Amino acid sequence: MALTGRAALLAALGTLPVGIWEPGWTGILAVNGPLALACACDFALAAPVRRLGLTRSGDTSVRLGESVDVTLTVTNPSGRPLRARVRDAWPPSSWEPGTEKAASRHGLTVPPGERRRLTTRLRPTRRGDRQADRVTIRSYGPLGLFARQGTHKVPWTVRVLPPFTSRKHLPSKLARLRELDGRTSVLTRGEGTEFDSLRDYVPGDDTRSIDWRATARQSTVAVRTWRPERDRHILLVLDTGRTSAGRVGDAPRLDAAMDAALLLAALASRAGDRVDLLAYDRRVRALVQGRAAREVLPSLVNAMATLEPELVETDARGLAATALRSAPRSSLIVLLTTLDTAPVEEGLLPVLSQLTQRHTVLLASVADPHIAGMATARGDTDAVYEAAAAAQAQAERTRTAEQLRRRGVTVVDATPSELAPALADAYLTLKAAGRL
């Protein structure tokens, strides 16, 4: 039991001694006889806490940055009304800083034999699973002098999914995809294209697309149109090693890579291609394979939700071997990793030929916009030194990218806000060129 603030104030004004007990403390306060009797009656009339029934319901997933409601149902089986304060405890990252106290504490009144619902609104600040902690209930008597207190474990898990902020680019990328499919304009022929139909020649068309036999049978020049092949295999490889933990802006590089992977997956599945996911550092952290087009995006989002950067150096040989097992035939392998010189030259380059021999390889890397800002600074001596360091870092990054391109790798190097659309454009360019 616990002495309330109201009772403590009255006790301070009292005259007769009475014992007061609560966990971890025993003391004597001076109180008068009527107050002692009132406290005893108040405690006796407070609804018992241990016998309460508690259940949860509500949402089990939410995108990072959005809110979600979890409902706690409290059933009072006793014959006394429940007048209580309730604390619904969750991990600190379940709320924005400074809002936990207001969001997790509730006032509650439940008549005998009835139930009431409380709604706790969460707004998580990190990806992953957020699990409910204890529910602490303090039951007051009708005078508010004494209270019973107890805790209950009421399990519930809310999975916080990646925000997928790049989905705003999807309509424009789908419009370009429709152009490649020949629904709004004409295609150019590539190695990975299929014959679609004939149409009249218009100035600017590639003369190599003229169908001379069809032209001979009609009074106008006919040209062939081509459409990209469908049902191609795309393997998205997320590097979850040490370099993915580096923060660019407010988030790790891994989060920007995930966002780019989700946009590409949404676009490629609409194009009729099959999309798989591999997350790897020194072992497989996530693997999504064989999903139907409508299931790809939900499966990838769910798999990425619990991924966190691992502070270990990525095993490039293991990554290449696992990627080859996951893509047994010709595929587009999209490596979302770093362009830092040491990890690429010492890890990726020695095993790159294993991938490029059979597959088309596209490497996407998150660039730090702060480096570009440093490179242009000239305000004082420190700024000049920072600009020199930034220029050197950019030169090394460019040199590494050129090494990869000479080995047949398509490289996309962009800031977090630009990486997703740039990667989608690179995919569409490969599609238009018939390299898929």
Side-chain angles (χ1 to χ4, degrees), residues 191 232-246 248 252-254 256-258 260-261 264 275-289 304 307-368 371 389 391-414 419 422-423 426-427 429-430 433 435-436:
E191 295 177 0
R232 310 298 288 179
H233 182 228
I234 298 172
L235 178 63
L236 302 173
V237 181
L238 281 173
D239 179 357
T240 57
R242 173 185 60 81
T243 56
S244 68
V248 179
R253 282 185 166 89
L254 180 60
M258 287 180 182
L264 179 55
V275 182
D276 293 341
L277 170 72
L278 169 66
Y280 191 93
D281 40 71
R282 287 189 173 275
R283 64 180 179 86
V284 176
R285 300 290 176 177
L287 182 62
V288 178
Q289 291 180 307
M304 291 177 180
L307 286 178
E308 294 292 344
E310 300 293 331
L311 300 182
V312 296
E313 202 68 43
T314 299
D315 177 11
R317 292 188 180 277
L319 185 149
T322 307
L324 290 172
R325 288 195 299 270
S326 303
R329 63 187 182 90
S330 180
S331 307
L332 171 63
I333 296 181
V334 181
L335 297 175
L336 293 121
T337 184
T338 182
L339 263 181
D340 293 347
T341 302
V344 172
E345 292 184 348
E346 297 173 10
L348 183 59
L349 288 182
V351 300
L352 190 59
S353 60
Q354 301 175 26
L355 300 176
T356 56
Q357 185 175 6
R358 187 192 308 171
H359 306 290
T360 301
V361 179
L362 194 163
L363 186 145
S365 182
V366 183
D368 190 345
I371 299 296
Q392 181 179 0
Q394 289 177 325
E396 290 179 354
R397 200 173 180 90
T398 301
R399 184 169 62 253
T400 302
E402 286 303 318
Q403 286 182 290
L404 293 168
R405 291 188 180 100
R406 286 197 296 269
R407 288 166 170 79
V409 177
T410 301
V411 178
V412 175
D413 185 23
L419 182 65
L423 180 58
Y427 163 78
T429 299
L430 292 173
R435 294 181 58 187
L436 298 182

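Computed from heavy atoms alone, side chains included, the values below leave out hydrogens, waters and symmetry copies. Predicted model, so just to flag it, every value in this text is computed and none were measured.
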Under the side-chain contact (heavy atoms from CB on, under 4.5 Å) test, which residues partner A391, sequence neighbours left out?
none
N/O donor-acceptor pair under 3.5 Å between S365 side chain and T337 backbone
yes
Shortest non-hydrogen contact between P343 and R242, atoms and distance:
CG-NH2, 4.2 Å
Close side-chain approach of I234 and Y427, heavy atoms under 4.5 Å
yes
If you measure from the Lys or Arg side-chain nitrogens to the Asp or Glu carboxylate oxygens, is any gap between R285 and E310 under 4.0 Å?
yes
Under the salt bridge (Lys or Arg N to Asp or Glu O under 4.0 Å) definition, can you give me all pairs with a residue in residues 331-353, not counting sequence neighbours?
D340-R397
Examine distances only and state if a side-chain atom of R407 and a backbone atom of Q403 form a donor-acceptor pair shorter than 3.5 Å.
yes
Inter-residue atom distance H233.NE2 - Q289.CD, 0.5 Å rounding:
7.0 Å
Within the 4.5 Å heavy-atom criterion, are T338 and R253 side-chain neighbours or not?
no
Criterion side-chain contact (heavy atoms from CB on, under 4.5 Å) against L363, the qualifying member of I333, T410, L339, L423
L339
For E402, is there an ion pair with R405 - N to carboxylate O distance below 4.0 angstrom?
yes
I'd like to know if the side chain of R358 and the backbone of P328 have a donor-acceptor N/O pair within less than 3.5 Å.
yes
With the side chain counted from C-beta on, respond yes when L348 and L404 share a heavy-atom pair under 4.5 Å apart, and no when they do not.
yes
Flag the pair M304 / L254 as yes when at least one side-chain heavy-atom distance between them is below 4.5 Å, and no otherwise.
no
Do L332 and R232 have side chains that approach each other closer than 4.5 Å (heavy atoms only, starting at C-beta)?
no
So does P309 get a backbone contact from the side chain of T240, meaning a donor-acceptor N/O pair under 3.5 Å?
no
So how far is it from Q357 CD to L352 CG, rounded to the nearest 0.5 Å?
11.5 Å
Looking at L235 and S326, what are the two nearest heavy atoms and their distance?
CD2-CB, 4.0 Å
